[in-house]
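In what follows, a single structure is set out as C-alpha cells and then discussed.
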Amino acid sequence: MLRRELAEVKARELGARAELVRSAQLATLGHLVRGVAHEINTPLGALASNQDTTRRALDKLQQILDDEVVTPDELVEVRRIVHAVTAVQETNLMAVDRMKHVVKSLRNFGRPDRSEIDRVDLTEAIRDTLDLLKHELGSGVTVQSDFGALPLVECYAQQVNQVFMNLMMNAAHAMGEQGTLTIHAHSLGDSVEIRVSDTGHGISSEHLEQLFEPGFTTKGKRVGMGLGLAICREILDRHAGEITVTSEVGVGTTFTLRLPLALPVGEPVAAFDQTKP
Amino acid sequence: MTDETLDTIMLVDDELMVVRSLEGFLTLETPYRIVSYCSPIEALEAAATEASLRLVVADFMMPEMDGVSFLKEMRRVQPEATRLLLTGYADKENAIRAINEAGLYYYLEKPWDNEHFKLVVRNGVERSSLFNELSSRVSALESAHAELSGFREKLVKAFL
C-alpha cells in the first residue's frame, strides 16, 4: 500500500517536472522564433525591394528598346539602369548568404532528435546561438569571445544549446542597452570549460544561493518563468558536468560551465529525453 | 552622378545590403545624388561638408550609435535636411522619442515598400528644398530691409 502511494507521488513529481521542462523549452522556442524572424527580416526586405527594382529596370530598358533607335541620351539612361541593377544584384547575393547562414545556425541549434548523442564543436554551437540571439542584445552591447582549440564534446547538442541560450538571454537582460558580453571557452584535458560573463547589474549574495532553484526569478513575471537556470543545472548534472556562478552587484556576473568530453558510461538514453515524464 | 550641387540623399545603415538596395532603387527611380554610409560617425563627418543635402535616411539599430541619436546630431549639422528613420522594430516608444528629439519627418518600417519609400523621399526632398528656399528668401528680405533702413537713415539725415 505504502509502496504504491510512494510510486504515485514519484510519478506525479516526475510529471510535474516534465511539465516544467516543457514550459522552459517553449520559452526557448519563443526566443528562437523571434531571433529567426528578426534575422530574416533584413535580407527579406532587401530581396523584396531588389525584385521590385529589377522589374522597374526591365520595364525602362524595354521602353528604350521599343523605339528601335537608341539615342545618346538613352544610352546614358541605360548605363544608369545597369549601375542600379548591378548594386541590387550584389545585394541579392548578400541576402541569400545571410538567410543560408540563419538556416544553418537553426539546424545546428535544433537537432531534430532530442535523444541523439553528438560529438559537438562547442565553439560553433556558441557562435550559432549568438547569431540567433544577437537581436536580444542592446544596441550598445559588445560581444567578446576568446575560444581556445576545443576537442569535440560528446553531448546532447540541443540541450547544451539550450543552456547557452539561457545564459546569454540572462546576460542580455542583466545588461540592458549597454555592456560587454564575454565568452571564454578552453580545454581542461578531459573536460571543457566555458565562461559566460556580463557587465550587468549583478546578483546579490542572498539571491545567488537560490539561483538554480526552480521558480526563482528576479525579472518579474513578464520576462521569464524562473526555470532557465534550474533546467541548466539539470542538463549539466545529466552530462556529469557542473555549472557555477560568481557575481558582484553593480559589476557583473560570470557563469562557468564544465562539461566532460564523454558522457557518463551506462547513462540511460531515456533519462535525457525531456519530453517523457 | 557626382555633381555635388544636385539634391542629395544620404543613406545610413550598418547593414550593407540595406544601403545598397535603397541606393540601387533610388538611383533608378529618382534624379537625386545618393551617398551611402554603414557608419553613422562617418556619415556625420561627411554631412558637415555636403552642400545640397536634402534628406537623411537612418536605420534605428546601429552598433556605433542608435538612429535617434544620430538624427538628433544630424539636425544640428544639417538643420534643413529632412530626417527619416527606417526600423525593423515597430516600437511606439522609440518613434515618439525620434519625433520629439530628432524632429523626425517620417518613420518607416522594414521591410519597406519601394513605391511608398519613393513617395516619402520625394516629399521629404521637396520639403527640404522649400525650407531652403524660404531661408534664402528670408535672408534676401533681411538684407533688403537692412539696405532700406540704411537709405532711410541717410534720407532722414539729408533732410534734417
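The chains referred to below are lettered A, B, ... by the order of the sequence lines, with proteins before strands, and numbering in each begins at 1. Note that the structure is a prediction, hence the values are computed from the model and not measured.
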Practice prompt. Identify the residues of residues 10-22 of chain B whose heavy atoms come closer than 4.5 Å to a heavy atom of chain A, ordered by number, or report 'none'.
Written response: B:Glu15, B:Leu16, B:Met17, B:Val18, B:Arg20, B:Ser21

Fill in: Proximity of residues 71-84 of chain B to chain A, residues having a non-hydrogen atom under 4.5 angstrom
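Expected list: none.
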
Worksheet item: At a heavy-atom separation under 4.5 Å, does B:Glu64 approach chain A through its side chain, its backbone, both, or neither?
Response: neither

Worksheet item: Considering only heavy atoms, which portion of B:Met65 lies under 4.5 Å from any heavy atom of chain A: side chain, backbone, both, or neither?
Response: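 Neither the backbone nor the side chain of B:Met65 comes within 4.5 Å of chain A.
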
Worksheet item: Based on non-hydrogen pairs under 4.5 Å, which of B:Lys110, B:Met62, B:Glu23 is most in contact with chain A?
Response: B:Lys110

Atom pairs and distances, donor-acceptor, side-chain atoms in residues 138-160 of chain B, under 3.5 Å, two or more places apart:
unit_1: B:Ser139; atom_1: OG; unit_2: B:Ser135; atom_2: O; d: 2.9
unit_1: B:Ser143; atom_1: OG; unit_2: B:Ser139; atom_2: O; d: 2.7
unit_1: B:Ser149; atom_1: OG; unit_2: B:His145; atom_2: O; d: 2.8

Discussion item. Counting neighbours of CZ on A:Phe147 that are heavy atoms of other residues, nucleotides or ligands and sit closer than 6.0 Å, is the number greater than 12?
Written reply: yes

Worksheet item: If you count heavy-atom pairs under 4.5 Å between each of A:Glu90, A:Arg98, A:Glu177, A:Gln89 and chain B, which one has the most?
Response: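 If we count pairs closer than 4.5 Å to chain B, A:Arg98 comes out on top.
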
Worksheet item: Stepwise, does the side chain to side chain contact (heavy atoms under 4.5 Å, CB included) test hold for B:Leu28 with A:Arg80?
Response: CA-CA 7 Å; B:Leu28 187 77; A:Arg80 203 167 69 93; 5.7 Å; no

Discussion item. For residues 46-64 of chain A, give me every residue with a non-hydrogen atom less than 4.5 Å from any non-hydrogen atom of chain B.
Written reply: A:Ala46, A:Ser49, A:Asn50, A:Asp52, A:Thr53, A:Arg56, A:Ala57, A:Lys60

